[in-house]
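Working notes for the structure below.
Please read these numbers as outputs of a predicted model, since none were measured by experiment. Sequence lines set the chain letters: A, B, ... in the order given, protein chains first and strands last, and positions in each chain run from 1.
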Number of protein chains: 2
Amino acid sequence: MFGRTYFCGEVTEKAIGETVTLKGWVQKRRDLGGLIFIDLRDRTGLVQIVFNPKVSPEALSIAEKVRTEYVLDVKGTVLARDQRSVNENLKTGTIEVQVEELTIINEAKTTPFMIEDKTNVSEDVRLKYRYLDLRRPVMFETFKMRHQVTKAIRGYLDGEGFLDVETPILTKSTPEGARDYLVPSRVHPGEFYALPQSPQIFKQLLMVGGFERYYQIARCFRDEDLRADRQPEFTQIDIETSFMSQEEIIGLTEKMMQKVMKDVKGIEVELPFPRMSYQEAMDRFGSDKPDTRFSMELVDLSDLVKDSEFKVFAAAVAAGGQVKAINVKGAAANYSRKDIDGLTELVAVYGARGLAWLKAEEDGLKGPILKFFDEEKQAAIQARLNVSSGDLLLFVADKKKIVADALGALRLNLGKELGLIDQSKFDFLWVTDWPLLEFDEDADRYFAAHHPFTMPVREDLPKLESDPANVKAQAYDLVLNGYELGGGSLRIFERDIQEKMFSVLGFTKEQAYEQFGFLLEAFEYGTPPHGGIALGLDRMVMLLAGRTNLRDTIAFPKTASASDLLMNAPDAVSGAQMEELHLSLNVKKNQ
Amino acid sequence: MFGRTYFCGEVTEKAIGETVTLKGWVQKRRDLGGLIFIDLRDRTGLVQIVFNPKVSPEALSIAEKVRTEYVLDVKGTVLARDQRSVNENLKTGTIEVQVEELTIINEAKTTPFMIEDKTNVSEDVRLKYRYLDLRRPVMFETFKMRHQVTKAIRGYLDGEGFLDVETPILTKSTPEGARDYLVPSRVHPGEFYALPQSPQIFKQLLMVGGFERYYQIARCFRDEDLRADRQPEFTQIDIETSFMSQEEIIGLTEKMMQKVMKDVKGIEVELPFPRMSYQEAMDRFGSDKPDTRFSMELVDLSDLVKDSEFKVFAAAVAAGGQVKAINVKGAAANYSRKDIDGLTELVAVYGARGLAWLKAEEDGLKGPILKFFDEEKQAAIQARLNVSSGDLLLFVADKKKIVADALGALRLNLGKELGLIDQSKFDFLWVTDWPLLEFDEDADRYFAAHHPFTMPVREDLPKLESDPANVKAQAYDLVLNGYELGGGSLRIFERDIQEKMFSVLGFTKEQAYEQFGFLLEAFEYGTPPHGGIALGLDRMVMLLAGRTNLRDTIAFPKTASASDLLMNAPDAVSGAQMEELHLSLNVKKNQ
């Protein structure tokens with residue numbers, strides 16, 4: 001039953017005349033003129049096998065019982081197909097295997113969906129029968145690519161002297177991040193481990209420990225309300241170095257990504273990647289992770305329209321806000337008033353109270369707000385927006401953040417809708433010069449924009465307490481095609497700066513030491529300057545494989561309610577288990 | 001502050017005359033004749049740097065402030081040392097760096113222990129200050145070796161077409177194993193995830209999904225009372241294949257280990273590894289994981305002594321037990337009666353009620369039990385045990401299991417004590433032909449000897465219900481130097497056999513389907529024959545690195561009470577966190 005000599009997809013004309021043993025699944029069976037034809041599938045592809053009563057009536061009679069997805073063990077001879085039966089869509093399409101012996105290894109019920117790349121079955125069914133979903137070739141190819149990505153990364157980092165070090169999964173709950181998954185301790189009643197949101201602190205401790213170059217393809221956990229592209233557990237390429245500058249870490253990451261693109265996609269990407277400050281990204285694209293595969297940039301018109309008779313514009317600028325526009329080139333004819341109403345609804349999601357518009361025709365601008373602008377203003381607007389006949393101009397006037405969010409989202413939406421995005425492009429971009437802190441109005445305090453261990457720009461240190469909003473971080477995000485691929489920073493490695501940082505975040509000294517005393521203490525024993533980066537592997541694979549669903553890059557993903565539909569997890573546990581963990585439930589049955 | 005040109009341990013004579021920039025830690029400072037000498041350390045080793053007032057009085061004056069473990073940035077010129085100051089124990093011992101510029105990057109308090117390979121500080125202190133412990137070169141070298149081991153394994157498996165696939169950490173609690181770590185769900189009140197004890201079911205589902213060749217260096221979790229060589233989280237090299245025979249899986253594993261030994265230790269191990277049945281291992285070594293680096297095998301004397309006048313021996317055999325002995329060659333003079341009393345205490349731990357002994361002198365055997373054996377018996381015993389003058393013979397008479405455990409442990413103990421073990425040897429051994437089931441007297445039922453998914457030997461299938469004790473498994477363990485490195489098996493892939501297996505283990509059909517319904521169902525959709533192996537990475541690294549403590553192979557290990565002494569985990573969590581998880585504690589404060 002063993003001893004396969006070929007994989008199905010690898011039987012080529014070179015094997016003609018050979019006796020081969022194949023194993024695989026029945027993709028399709030056709031009975032034709034007393035013969036039976038079966039497409040036999042394994043992970044490498046399909047091969048046609050033929051049952052002929054003149055060759056083996058026994059094999060033919062077994063083949064008559066065979067149905068889709070049966071598992072077969074086949075022995076036969078490779079023959080050339082005659083010219084008219086060659087299948088040019090199949091790698092093995094010029095040959096077939098005439099079967100001499102057939103064993104049915106295992107049978108199969110009718111599967112709830114066909115094992116084919118194209119499927120319209122619901123994702124819930126795919127997840128419940130994930131083992132069948134994974135048989136679809138497109139799924140296998142995605143996981144093969146995932147393997148190739150990690151292989152390229154490991155190869156590159158190994159060559160640069162990085163050590164793959166595993167850090168704990170059972171660790172300590174820390175504030176200042178997302179919600180932790182907790183694990184009750186049986187041995188220590190009333191105490192809990194937490195699953196790590198990232199190996200951040202451990203990798204810093206490895207730097208204190210003199211490891212100098214660490215990486216890990218690390219599982220991370222966040223108990224958050226899930227969005228389409230979030231999973232409760234996810235994987236990041238986690239890198240940390242000592243004694244390296246921001247430039248050196250950026251350079252290293254670029255070379256790593258260059259190797260990934262080369263090995264996995266066969267694409268030579270040019271180095272260095274373009275860079276943009278956070279402020280420039282927000283100004284030009286209304287996003288801190290701009291998709292630079294197409295233009296349609298945001299243009300500030302505040303100075304032009306601040307005195308205009310259009311009160312909405314004038315008032316927005318007067319209140320400290322902005323008026324910005326995008327020029328949707330040549331799209332005037334594509335968007336009716338009704339279509340524009342639809343776009344208005346879209347920007348409303350981001351808080352914009354309206355979407356003004358103008359269309360450019362042969363004889364000038366047209367539209368309901370035109371009357372508020374004299375000819376000089378109209379000319380200035382046209383000049384600044386580089387308007388040609390047929391263009392559609394869309395304006396948002398509001399607070400800066402709303403303008404950016406609304407026009408940024410509108411730009412992306414229109415870019416997709418109008419097919420402006422070259423899907424074969426991979427646009428990498430560094431976003432740098434981030435603010436260190438963000439003020440949260442609800443909590444009435446500052447939060448770390450990245451995390452509390454990010455090093456401020458040295459010359460901004462004096463402002464850390466006096467003017468925290470204007471302290472920049474030594475941080476950098478890597479963006480690919482409008483997705484945040486990951487981010488990194490240099491870290492604080494001096495106790496006094498770290499203490500000050502905790503203080504700015506609202507920790508008392510006691511609280512800081514209770515939570516992070518071990519780190520603050522570690523900083524006193526000769527901690528080297530260090531920094532690193534973390535890149536999301538799931539998302540990277542999704543983008544390289546051209547998928548749109550993050551779950552397609554994870555073998556056994558969870559749903560939006562964090563359930564495993566295949567194994568039915570989470571699930572109730574026994575009273576004895578609860579008792580051992582010193583826990584009782586605060587749940588009313590049938591609540 | 002950046003831009004290092006050399007690692008400390010890599011400045012050689014080739015660099016003489018060069019201006020170099022080094023970064024590292026102060027290992028030692030010596031002031032001598034107006035000069036200051038510092039041994040600067042990074043992860044590659046040490047280099048001597050010299051401060052001379054004639055070269056840079058500024059650098060010298062900064063160097064005067066420098067203490068052990070300070071972090072330095074150094075610029076200087078590489079000089080040859082004069083002949084009498086060459087240090088042959090140091091890779092960089094023929095050169096030194098004359099410092100022109102010095103920056104103190106960070107200071108250090110006096111460390112709680114010296115950063116040196118040899119240390120006699122308690123392990124608890126090492127764990128609390130793990131970041132300092134990791135600076136000891138021997139620790140770094142162990143993690144470098146760990147990296148090399150996984151690199152060799154990944155390289156080999158990748159070449160054989162295996163895909164590295166990640167399986168979930170948040171999964172479902174299953175019975176029939178060790179105790180699970182549980183994770184309460186916030187979204188599903190009263191329900192829990194479990195951390196996996198192994199990816200066993202997922203890897204089988206990947207085979208159902210047609211992946212054919214899977215591997216993962218996988219984190220696993222067991223909430224068990226810890227022994228010296230157990231950790232709550234550990235790492236295994238997890239492998240699964242479809243359509244491969246036991247022979248093929250064994251062959252693959254051997255080639256993988258051959259590559260590991262070659263790449264990591266530079267040792268060519270011969271293939272195939274020796275094999276031994278479970279029964280033979282128990283008979284000859286009293287262990288299912290025999291250390292074959294030395295002989296001193298267990299010899300069965302039951303037939304010789306069953307009629308002897310020594311009632312202890314005769315009674316043991318009559319009760320269905322055994323009398324076995326080991327011959328401790330040439331050790332008669334090393335063990336006094338008092339020493340032998342010590343050995344008796346050792347075997348008592350394993351339930352043996354006594355340890356009989358004889359010594360061989362020039363003129364024959366001597367010892368208290370000699371009188372019970374006539375000359376013919378004495379001669380037979382000497383012949384069977386291959387006795388020469390000066391040998392010590394040690395006998396245990398008891399139930400078979402006690403005899404095996406007691407003499408097996410005694411053999412190991414004496415092997416170490418007498419230095420019989422060649423520590424440079426790496427003895428791999430396959431143990432095969434395992435029983436499928438073990439009867440547990442307390443629970444009054446059978447348990448799976450490996451796990452419930454292990455395939456019975458085909459010809460034993462009819463005995464599965466009638467005579468379960470005598471059903472053999474298609475299972476194999478890999479042993480290295482007396483340690484179980486890992487184990488594997490072919491798996492059940494037919495629903496009816498798996499159902500029967502659950503039934504033998506005492507599951508009702510309902511219970512089996514409630515727990516494993518998804519797997520039983522999966523078996524109905526064309527499941528291929530499959531099997532695999534899992535090897536313990538932590539233990540493998542421990543053995544290859546010549547360490548004796550498993551914790552030395554884990555960057556941030558936990559203590560025997562499953563605590564992280566560095567970060568203080570587990571720890572109490574807030575009431576709000578408990579509330580979100582729908583839990584309350586069954587713990588009285590100050591209990």
Side-chain angles (χ1 to χ4, degrees), chain A residues 2 4 23 25 43 69-71 106 108-109 111 131 134-135 147 163-165 168-173 181 183 185-193 205 208-210 212 219 223 233 243 245 518 522 524-528 555-556 561-562 566-567 569-573 582-587, chain B residues 2 4 23 25 43 69-71 106 108-109 111 131 134-135 147 163-165 168-173 181 183 185-193 205 208-210 212 219 223 233 243 245 518 522 524-528 555-556 561-562 566-567 569-573 582-587:
Chain A
F2 292 100
R4 151 156 75 187
K23 323 267 182 176
W25 288 260
R43 65 179 215 176
E69 296 306 316
Y70 273 37
V71 186
N106 214 343
K109 295 198 298 192
T111 52
Y131 47 87
L134 292 173
R135 281 189 202 162
H147 173 86
L163 290 198
D164 176 8
V165 182
I169 297 291
L170 292 171
T171 176
K172 180 171 165 163
S173 182
Y181 278 105
V183 182
S185 164
R186 180 177 54 85
V187 183
H188 304 276
E191 297 187 345
F192 292 74
Y193 304 95
L205 290 171
V208 183
E212 302 206 25
R219 204 73 61 85
D223 185 10
E233 49 183 308
F243 300 115
S245 64
F518 61 93
E524 296 204 291
Y525 288 107
T527 294
F556 300 99
S561 68
L566 167 59
M567 296 186 72
D571 201 359
V573 299
H582 324 282
L583 292 178
S584 52
L585 285 180
N586 279 340
V587 187
Chain B
F2 292 98
R4 152 155 77 184
K23 323 267 182 175
W25 287 261
R43 64 179 215 175
E69 296 308 315
Y70 272 38
V71 187
N106 214 343
K109 295 197 299 192
T111 52
Y131 47 88
L134 291 173
R135 280 188 203 165
H147 173 85
L163 291 198
D164 176 8
V165 182
I169 297 291
L170 292 170
T171 176
K172 180 172 163 159
S173 183
Y181 278 104
V183 182
S185 164
R186 179 179 54 85
V187 182
H188 304 274
E191 298 187 345
F192 292 74
Y193 304 94
L205 290 171
V208 183
E212 301 207 26
R219 203 72 62 86
D223 185 10
E233 51 183 308
F243 301 116
S245 65
F518 61 93
E524 296 205 290
Y525 288 108
T527 294
F556 300 99
S561 67
L566 167 59
M567 295 184 73
D571 201 359
V573 299
H582 324 282
L583 293 177
S584 53
L585 285 179
N586 279 339
V587 187

Checklist entry - Where do A:Thr171 and B:Phe556 land on the side chain to side chain contact (heavy atoms under 4.5 Å, CB included) test, with the steps shown first? => result CA-CA 10 Å; A:Thr171 176; B:Phe556 300 99; over 6 Å; no
Restricting to non-hydrogen atoms, name the atom on [X] and the atom on [Y] that form the minimum distance, rounded to 0.1 Å.
{"X": "B:Met567", "Y": "A:Lys172", "answer": "O-CD, 2.8 Å"}
{"X": "B:His188", "Y": "A:Pro570", "answer": "CD2-CG, 3.6 Å"}
{"X": "B:Arg43", "Y": "A:Leu163", "answer": "NH1-CG, 4.3 Å"}
{"X": "A:Val573", "Y": "B:Ser173", "answer": "CG1-CB, 4.5 Å"}

Relative to chain B, which of [options] shows the most heavy atom pairs under 4.5 Å?
{"options": "A:Tyr193, A:Phe518, A:Tyr525", "value": "A:Tyr525"}
{"options": "A:Arg186, A:Glu524, A:Lys109", "value": "A:Arg186"}
{"options": "A:Ala562, A:Ala555, A:Pro528, A:Ala572", "value": "A:Pro528"}

Please classify the contact between [X] and chain B as side chain, backbone, both or neither, with a heavy-atom cut-off of under 4.5 Å.
{"X": "A:Tyr70", "result": "neither"}
{"X": "A:Ser185", "result": "side chain"}
{"X": "A:Val183", "result": "both"}

Item to check | side chain to side chain contact (heavy atoms under 4.5 Å, CB included) assessment of A:Val208 paired with B:Arg135 | outcome: CA-CA 8 Å; A:Val208 183; B:Arg135 280 188 203 165; 3.6 Å; yes
Checklist entry - Rounded to the nearest 0.5 Å, what separation is found between the CD1 atom of B:Ile169 and the OH atom of A:Tyr181? => result 13.0 Å
Checklist entry - Once you round to the nearest 0.5 Å, how far does CG of B:Asn586 lie from NE2 of A:His582? => result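 Atom-to-atom, B:Asn586:CG and A:His582:NE2 are 9.0 Å apart.
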Checklist outcome for this item: Looking only at B:Asp223, B:Leu566, B:Val187, the option with the highest number of non-hydrogen pairs under 4.5 Å against chain A is B:Asp223
Checklist entry - Of the listed residues (B:Ala569, B:Gly526, B:Gly190, B:Ser561), which shares the most heavy-atom pairs with chain A below a 4.5 Å separation? => result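 Most pairs with chain A among the choices: B:Gly526.
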Checklist entry - Are A:Val71 and B:Phe243 close enough that some pair of their side-chain heavy atoms sits under 4.5 Å apart? => result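 Side chain of A:Val71 against side chain of B:Phe243, heavy atoms only: contact under 4.5 Å found.
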Checklist entry - Taking it one step at a time, do B:Leu585 and A:Leu583 satisfy side chain to side chain contact (heavy atoms under 4.5 Å, CB included)? => result CA-CA 5 Å; B:Leu585 285 179; A:Leu583 292 178; 3.6 Å; yes
